[in-house]
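Scroll down for the structure; my scribbles are underneath it.
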Amino acid sequence: MNFWLLKSEPDEFSIDDLRRSSPEPWTGVRNYLARNYLRAMKVGDQAFFYHSSCAEPGIVGIVSIQQEATADLSAYDPQSPYFDANSTREKPRWFAPQVAFSSKCRSILSLRELKSHSELARFTLLQKGNRLSVMPVSTEHWQFIFNLL
DNA sequence: GCCAACGTTGGC
DNA sequence: GCCAACGTTGGC
């Protein structure tokens, strides 16, 4: 089993949204490295759900992969902000796994607190310049963070 | 709103 | 293939 971190802007799609409607396809990722991570996800993998671009960014819950990635249908919708004319049904460019709600943290584990732990100095999320919305999490980092929740 | 950092685009 | 210009991300 592998571990991941998935970012979402809570104004767009929050942990509460996922709890209300689960599973959901993880759509809208339009970065090739992030896409490759999405395609590498296996059923049963777990991920931290991270709220970004909000008053208090941080980890707010845990989700699991319910189904491996298939074509991201939002790329076909001209009305969608994620529309991409270069992704076709014959040759999809973007993919979305089905993500299921697992649990919500009693309180947010804020980015500020994550940064305060020297054990997480090399955590991908905290690396300078990293902007990926999907990233792998090592077993060691997962365990350490899990114990902070 | 600012800005650092990175990705993408497109001319050459 | 290079690289300048532009767009996006995301914390602050």
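Residue numbers begin at 1 in each chain, while the letters A, B, ... track the order of the sequences. Reckoned from all heavy atoms, side chains included, excluding hydrogens, waters and symmetry mates. In this text the structure is predicted, and so the values were computed from the model without any measurement.
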**Donor-acceptor side-chain pairing of D72(A) and S74(A) below 3.5 angstrom** =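 A donor-acceptor contact under 3.5 Å links the two side chains.
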
**Asked** Is the side chain of H51(A) donor-acceptor paired with the backbone N or O of I15(A) at a distance under 3.5 Å, no angle test?
**Response**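 Here the side-chain-to-backbone pair exists.
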
**Request:** Check whether any side-chain N or O of R89(A) sits under 3.5 Å from a backbone N or O of A71(A) as a donor-acceptor pair, and report yes or no.
**Result:**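 Answer holds: no.
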
**Message:** Need two values: the first and the last nucleotide of DNA chain C, 5' to 3', having an atom under 4.0 Å from any heavy-atom of chain A.
**Reply:**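 Nucleotide range in contact with chain A: dG7(C) to dC12(C).
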
**Sole residue of F123(A), W4(A), F3(A) in ring pair (Phe, Tyr, Trp, His ring centres under 6.0 Å) with W142(A)** =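 Of the listed residues F123(A), W4(A), F3(A), the ring pair (Phe, Tyr, Trp, His ring centres under 6.0 Å) partner of W142(A) is F3(A).
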
**Prompt:** Looking at the rings of Y32(A) and W94(A), which for Trp means the six-membered one, are their centres under 6.0 Å apart?
**Reply:**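 Between W94(A) and Y32(A), which both carry aromatic rings, the centre distance is below 6.0 Å.
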
**Prompt:** Quick one, which residues of residues 72-93 of chain A touch DNA chain C with a heavy atom under 4.0 Å?
**Reply:**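 Here the set is empty: none.
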
**Prompt:** Is Y76(A) isolated, or which residues cluster with it under the ILVMFWY side-chain rule of less than 4.5 Å, directly or via members?
**Reply:**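 Members alongside Y76(A): L73(A).
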
**Rounded distance (nearest 0.5 Å) linking atom CG of D11(A) with atom OG of S52(A)** =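 Going from the CG atom of D11(A) to the OG atom of S52(A) covers 9.5 Å.
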
